Amino acid sequence: MSSAETFAQAGADGSPDMAAIEAFAGRVTVDTATWVITTMSMIGDRLGFWQALSDSRPVTSADLASRTNTNERYVREWLSCMAAHGYLVFDSNNESFKLPADHVPVLAEEGPFYFGGFHQALFGLSSMLNPVADAFRHGRGVPLASYNEDWWRGLERFSNGWAEHLLVQFWLPAMPGVHAKLDAGADVADVGCGRGGALVTLAKSYPASRFVGYDIHVESIEAARANAQAAGLADRVHFELCDVTDGLPEDFDVITAFDVIHDTANPQGVLEAIRAALRPDGRFVCLDINASHRLSENTGPLGAYFYGMSVLYCMSTSLASHGAGLGTCGFNEHTARQMCADAGFSLVRRVEMENPFNILYEISR
């Protein structure tokens, strides 16, 4: 009896079923192809292909190679890959390729839908696979210093999309009390400020307020200072190397933490330090991951993405500092409310917004 015949007869007693095997193999094929497509998209971002295609005009492989000073044969293969997957449209009459206008905001134009920055971050994560695999064996995590410039710069580009196009335009109007404080002139701190994009954006919109960002990553603080200087805001926006679990150096009217609490080594300590540094009528604005405390509610592509990023960065960097290792889904709404209550906050309000990735909270002392 052949292998196929054996599988065909199997299944009723719990043994492998040929149809189920073939179906799952098909799914894995699609998932694997998606990885390849994403990798090719990273290359397109790195070499400036998407920007060169952003006018949505048809180009040949020779045209794109000339525009980007790259090799035509490689460009032709890349274009073919993108067209095969539907990212580009191919015209066989003149052997040309076009980036549809609806795809431009996602692949070529920095804004709230732009994935170029995240693709660069993923490019940076590619070099982390060996250290992360080693961490599975020793359990000590992977320190922040191990991550390369592509990861940090990619995160900056990705987060700048919401900082520049969502924060002031949509999120703050949904928090009138916070907006009023900023407009009147507030002392503001950003915990886990990264390269400072959020504070630079806020400083541009609220000239009466003063801002300071804290982070434990030296290179990010240096980049944040350079960004504030370049924006002409160094007189009102400052950045300091500081582990806030030891306490914030001052007290503030508004404290923010954008997509950072779940990463920290001591999230409970951070929340307690933030509460202690808030003035009596202050507000804590916290953006974190839109996940559930139940695995059964985190299934599907987005949930798998969250858990994967947890292994590759969020959980691993926390464990490297002997931390709690909450992971990407670890500061979900259920856990956030409990931890904020334990830290002494009186009210946690979930701000209404449409965002599959994040939850926004306005938290009162």
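We're numbering straight along the sequence, starting at 1. Remember, predicted model here, so these are calculated numbers, not experimental data.
Contact annotation: the side chain of E333 approaches that of R337 to within less than 4.5 Å [non-hydrogen atoms, C-beta and beyond]. The side-chain heavy atoms of L233 and F211, taken from C-beta on, include no pair separated by under 4.5 Å. Side chains of N290 and N355 form no contact here, defined as non-hydrogen atoms less than 4.5 Å apart. At least one side-chain heavy atom of R236 sits less than 4.5 Å from a side-chain heavy atom of P207. For the pair L53/L88, a side-chain contact is recorded, criterion being any heavy-atom separation below 4.5 Å from C-beta on. At a threshold of 4.5 Å between non-hydrogen side-chain atoms, the residues D91 and P58 do not count as touching. Between V200 and N160, the closest side-chain pair of non-hydrogen atoms is not below 4.5 Å. You'll find the side chain of M40 reaches within 4.5 Å of the side chain of W78, heavy atoms only.
Remark: R153 engages E156 in a side-chain hydrogen bond (donor to acceptor under 3.5 Å, both in side chains) (not counting sequence neighbours). For S61, the side chain to side chain contact (heavy atoms under 4.5 Å, CB included) partners are E72, V75, R76, L79, not counting sequence neighbours. For N71, the side chain to side chain contact (heavy atoms under 4.5 Å, CB included) criterion is met by R73, Y74, not counting sequence neighbours. Evaluation of the salt bridge (charged side-chain N to carboxylate O under 4.0 Å, His left out) rule for E240 yields no partner, not counting sequence neighbours. Annotation: side chain to side chain contact (heavy atoms under 4.5 Å, CB included) contacts of L319 (sequence neighbours excluded): M315.
Although no hydrogens or angles enter the test, the distance criterion places no donor-acceptor pair under 3.5 Å between the side chain of K181 and the main chain of V188. The main-chain N or O of G197 is never found under 3.5 Å from a side-chain atom of N227 such that the two would form a donor-acceptor pair. When atom types are taken as modelled, the side chain of N358 and the backbone of D288 share a donor-acceptor pair closer than 3.5 angstrom. Judged by distance alone, the side chain of W171 and the main-chain N or O of A163 form no donor-acceptor pair under 3.5 Å. A donor-acceptor pair under 3.5 Å is absent between the side-chain atoms of R283 and the main chain of V178, judged by distance alone.
To the nearest 0.5 angstrom, F90 atom CZ is 15.0 Å from M82 atom CE. The OH atom of Y361 sits 13.0 Å away from atom CG of L347, with the distance rounded to the nearest 0.5 Å. Taking SG of C242 as the reference point, atom CD1 of I216 lies at 10.0 Å (rounded to 0.5 Å). Taken from CD1 in I255 to CZ in R275, the straight-line distance is 11.0 Å, to the nearest 0.5 Å. Going from atom CD1 of I359 over to atom CG of L287 covers 9.0 Å, rounded to the nearest 0.5 Å. To the nearest 0.5 Å, atoms CD1 (I363) and CG (L278) are separated by 9.5 Å.
Sorted by first then second residue, the side chain to side chain donor-acceptor pair (under 3.5 Å) pairs that include residues 196-206, not counting sequence neighbours, are H179-Y206. Note on residues 127-146: pairs passing side chain to side chain donor-acceptor pair (under 3.5 Å), not counting sequence neighbours, are S127-N148, D134-R137. Within the structure, side chain to side chain donor-acceptor pair (under 3.5 Å) contacts touching residues 310-332 (residues at least two apart or in different chains) are N332-T335. Within the structure, side chain to side chain donor-acceptor pair (under 3.5 Å) contacts touching residues 249-260 (residues at least two apart or in different chains) are D190-T256, D251-R279, D253-R279.
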Result block: side-chain N/O donor-acceptor pairs under 3.5 angstrom for residues 95-111, not counting sequence neighbours:
{"residue": "S96", "atom": "OG", "partner": "N94", "partner atom": "OD1", "Å": "2.5"}
{"residue": "H103", "atom": "ND1", "partner": "Y87", "partner atom": "O", "Å": "3.0"}

Considering only distance and modelled atom types, tabulate donor-acceptor pairs under 3.5 Å from the side chains of residues 24-32, sequence neighbours left out.
{"residue": "T29", "atom": "OG1", "partner": "A25", "partner atom": "O", "Å": "2.8"}
{"residue": "T32", "atom": "OG1", "partner": "V28", "partner atom": "O", "Å": "2.7"}

Show the atom names and distances, to 0.1 Å, of all donor-acceptor pairs under 3.5 Å that link a side chain in residues 112-120 to residues at least two apart or in another chain.
{"residue": "Y114", "atom": "OH", "partner": "D45", "partner atom": "OD1", "Å": "3.3"}
{"residue": "Y114", "atom": "OH", "partner": "Q51", "partner atom": "NE2", "Å": "3.2"}
{"residue": "Y114", "atom": "OH", "partner": "R157", "partner atom": "NH2", "Å": "2.7"}
{"residue": "Q120", "atom": "OE1", "partner": "R157", "partner atom": "NH1", "Å": "2.8"}
{"residue": "Q120", "atom": "NE2", "partner": "D150", "partner atom": "OD1", "Å": "3.0"}

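Closest of all the heavy-atom pairs between V132 and L312 is CG2-O, 4.0 Å. Considering every non-hydrogen atom in both L64 and T68, the closest pair reads O-OG1, 2.7 Å. Summarising the geometry of V142 relative to Y147, their closest heavy-atom pair is CG1-CE1, 3.7 Å, with the distance given to 0.1 Å. Closest approach of L248 to A273, counting heavy atoms only: CD1-O, 3.9 Å. The minimum heavy-atom distance linking G194 with A224 is given by the pair O-CB, 3.7 Å.
When the side chains of ILVMFWY residues are joined at heavy-atom separations under 4.5 Å, either directly or via intervening members, Y307 and Y305 end up in two distinct hydrophobic clusters. Hydrophobic clustering (side-chain heavy atoms under 4.5 Å, transitive across Ile, Leu, Val, Met, Phe, Trp, Tyr) keeps F284 apart from L360. In the hydrophobic clustering of this structure, I289 groups with W151; members are Ile, Leu, Val, Met, Phe, Trp, Tyr whose side-chain heavy atoms approach within less than 4.5 Å, directly or through other members. Note: the hydrophobic cluster containing L172 does not contain F252 (ILVMFWY, side chain heavy atoms under 4.5 Å, direct or indirect links). Cluster membership check: V351 does not share its hydrophobic cluster with I261, using side-chain heavy-atom separations under 4.5 Å among Ile, Leu, Val, Met, Phe, Trp and Tyr.
For the residue pair D63/S66, the side-chain donor-acceptor check at 3.5 Å is not satisfied.
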When you look at W152 and H217, which way does the side-chain contact (heavy atoms from CB on, under 4.5 Å) test go after all the steps? CA-CA 10 Å; W152 299 114; H217 186 242; 3.4 Å; yes

Just do the side-chain contact (heavy atoms from CB on, under 4.5 Å) check on F239 and L199 with the steps written out, would you? CA-CA 10 Å; F239 296 96; L199 287 193; 3.9 Å; yes

How far apart are the C-alpha atoms of V260 and D215, what are their side-chain angles, what is the distance that settles it, and do they pass the side-chain contact (heavy atoms from CB on, under 4.5 Å) test? CA-CA 10 Å; V260 71; D215 207 293; over 6 Å; no

Please walk me through it: do N298 and F306 pass side-chain contact (heavy atoms from CB on, under 4.5 Å)? CA-CA 9 Å; N298 291 333; F306 287 154; 5.7 Å; no

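E149 CD: more than 12 foreign heavy atoms inside a 6.0 Å radius.
A ring pair (Phe, Tyr, Trp, His ring centres under 6.0 Å) with W162 holds for exactly one of F258, F170, F357; it is F258.
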